[in-house]
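The next block holds one structure in the form of structure tokens; read it before the comments.
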Amino acid sequence: DAGVIQSPRHEVTEMGQEVTLRCKPISGHDYLFWYRQTMMRGLELLIYFNNNVPIDDSGMPEDRFSAKMPNASFSTLKIQPSEPRDSAVYFCASSHWTGGATDTQYFGPGTRLTVL
Amino acid sequence: GDSVTQMEGPVTLSEEAFLTINCTYTATGYPSLFWYVQYPGEGLQLLLKATKADDKGSNKGFEATYRKETTSFHLEKGSVQVSDSAVYFCALSELGSGSARQLTFGSGTQLTVLP
């Protein structure tokens, strides 16, 4: 299995520009998570989906952030307009609900976003 | 709400030294506990996990025991290698609003092992 795939791996943009981050979860996984990692705040859950439906977006920082999952194999996280404080590493993770005590989340390699 | 407190880093050890990274948690129910590892430039990988009190998770020489009485899940390894240099995250999960087990992470501990 290829694992969780994210693109691009690095993105440098200027303040005010729109940024779109992409994620392909592991085939057969029914949960998809978007996280943000910064030195100041550590790892934060932004939003997660179950069967392509957004379940909890309480971690999305502002209306400038939006996420979609049009099908089981693709999700996007969009920032419009971007600001320097959005600079971070954004991770996508997926998991499969087995009904058991633990469901391992599998992380992608991340997208390092720099907003100038 | 749930929270995870990790030992402050960075931690620097010599090869073959004993490693302990402390982790304590606060949770309302009976969470599952995890250690994830992040190597430079990569995403997080599950290292080990435990689902109930007194369970011991182990993998690649690392161990952690779920201690309900002390709400702890300390990570240990008897003899570290240079290749263990990474950032280690303690995490817990409880059922969220959509029945998914959302992860709450600690702040991470940077480990550097010197040859």
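As a basis for the values below, the full set of heavy atoms in this structure was taken, side chains included, without hydrogen atoms, waters or symmetry mates. Lettering follows sequence order; numbering is per chain, from 1.
Looking at A/Tyr106, there are no atoms closer than 4.5 Å to chain B (heavy atoms on both sides), in backbone or side chain. In this structure, no portion of B/Gln45 lies under 4.5 Å from any heavy atom of chain A. Contact of A/Arg41 with chain B is not made at all, since no heavy-atom distance falls under 4.5 Å. If you measure heavy-atom distances from B/Leu46 to chain A, the contacts under 4.5 Å come from the side chain alone.
Here the straight-line distance linking atom OG1 of B/Thr71 with atom OH of B/Tyr66 works out to 9.5 Å at 0.5 Å rounding. Once rounded to the nearest 0.5 Å, the distance linking OG1 of A/Thr104 with CG of B/Leu103 reads 9.0 Å.
In this model, no donor atom of one side chain and acceptor atom of the other lie less than 3.5 Å apart for A/Gln105 and A/Tyr48. At a cut-off of 3.5 Å, with distance as the only test, a side-chain donor of B/Asp55 or B/Thr51 sits close to an acceptor on the other residue.
The choice from A/Ser58, A/Gly108, A/Gly42, A/Pro109 that makes the most heavy-atom pairs within less than 4.5 Å of chain B is A/Pro109. Ranked by heavy-atom pairs under 4.5 Å with chain B, the list A/Gln37, A/Gln6, A/Arg112 is led by A/Gln37.
Listed by chain and number, the residues in a ring pair (Phe, Tyr, Trp, His ring centres under 6.0 Å) with B/Tyr88 are B/Phe62 (sequence neighbours excluded).
Below 4.5 Å, heavy atoms of chain B meet no heavy atom from residues 66-75 of chain A.
No donor-acceptor distance shorter than 3.5 angstrom exists from the side chain of B/Ser14 to the backbone of B/Ala17, with no hydrogens or angles considered. For B/Thr112 (side chain) and B/Ser85 (main-chain N/O), no donor-acceptor pair under 3.5 Å exists by modelled atom type.
What you find for B/Thr109 and B/Gly9 is that their closest heavy atoms are CG2-CA, 4.2 Å. Nearest heavy atoms, A/Arg22 versus A/Thr20: NH1-O, 3.4 Å.
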